[in-house]
Number of protein chains: 2
Amino acid sequence: MSNMQALSLIEPEAADAVAPCCPPLTERPFTADEAETAARMFKALGDPVRVRLFTAVASHEGGEACVCDISDVGVSQPTVSHHLKKLKEAGLLSSERRGTWVYYRVEPSVLAAMGKLLSFTPAAA
Amino acid sequence: MSNMQALSLIEPEAADAVAPCCPPLTERPFTADEAETAARMFKALGDPVRVRLFTAVASHEGGEACVCDISDVGVSQPTVSHHLKKLKEAGLLSSERRGTWVYYRVEPSVLAAMGKLLSFTPAAA
């Protein structure tokens with residue numbers, strides 16, 4: 001599996017959360033299990049600070065950012081840490097300590113799963 | 001604007017919620033306003049029952065479903081109504097009464113906004 005290397009950075013329970021999950025949202029009604037997985041991901045992004053942190057990491061060079069790069073979101077450092085922890089628990093970010101700093105990254109498998117969820121062609125208005 | 005006809009079914013505050021919002025999640029850090037809008041949408045889908053209802057409507061023929069078509073999600077009718085109301089308040093669904101039944105639909109503008117949020121090319125794993 002080409003994803004194994006990336007996933008090895010994530011704790012097992014987090015890796016479960018981002019396992020390839022769901023068809024596009026418009027394809028068919030989701031099963032209970034699919035809905036649980038998708039809702040967990042959506043819920044983790046259901047907070048403005050977490051959206052700002054997630055997009056800061058996801059858009060950073062190399063898809064990875066030091067916590068020192070992404071803390072400018074208008075809340076205290078403990079609040080930043082709390083929200084980064086929530087994003088990690090949901091499997092959306094992984095982290096690695098290198099020397100003084102902790103680096104966060106968005107797993108390619110997460111982006112692939114999110115992209116698939118919304119990989120429908122919007123109907124013309 | 002080609003979206004005006006579709007949007008006319010939504011109350012003004014709901015239409016605000018789905019206004020074209022945000023760049024792809026991986027493009028750049030979101031501003032506070034963009035993060036608020038995106039988080040509102042994600043939060044509305046941060047519940048498994050709401051994901052099941054949303055996908056049931058979105059995948060139904062014509063992108064529209066009678067409440068009688070989509071209530072089979074393992075919860076009581078009042079709970080279904082509660083969650084449909086939350087999806088409407090977030091601007092993800094609109095509704096229209098026709099005779100006995102209320103019909104729900106996903107606005108094309110919502111699908112377009114969601115599609116744009118995730119319109120990045122996932123990096124190869």
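Side chains are part of it too, since the values below use all heavy atoms of this structure and drop only hydrogens, waters and symmetry mates. Being a predicted model, the structure only gives us computed values, none of them experimental. To find a chain, count down the sequence lines: A is the first, B the second, and so on, and within it residues start at 1.
From Met41(A), atom CE reaches atom CG of Leu45(B) across 8.5 Å, with rounding to the nearest 0.5 Å. Once rounded to the nearest 0.5 Å, the distance linking CZ of Phe54(B) with OG1 of Thr26(A) reads 8.5 Å.
When the candidates Ala32(A), Ala38(A), Pro29(A), Ala56(A) are compared by the number of heavy-atom contacts under 4.5 Å with chain B, Pro29(A) comes out ahead. Ranked by heavy-atom pairs under 4.5 Å with chain A, the first of Gly63(B), Ser59(B), Ala58(B), Gly74(B) is Ser59(B).
Minimum interatomic distance between Arg28(B) and Thr55(A) (heavy atoms only, all atoms of both residues): O-CB, 3.7 Å. For the pair Ala35(B) and Pro48(A), the tightest heavy-atom approach, listed with the atom from each and the gap, is CB-O, 3.4 Å.
Atom CD of Glu61(A) sits in a sparse spot, with 12 or fewer heavy atoms from other residues, nucleotides or ligands closer than 6.0 Å.
For chain B, the nearby parts of Glu36(A) are the backbone and the side chain; heavy atoms of each come within less than 4.5 Å. Looking at Ala44(A), there are no atoms closer than 4.5 Å to chain B (heavy atoms on both sides), in backbone or side chain.
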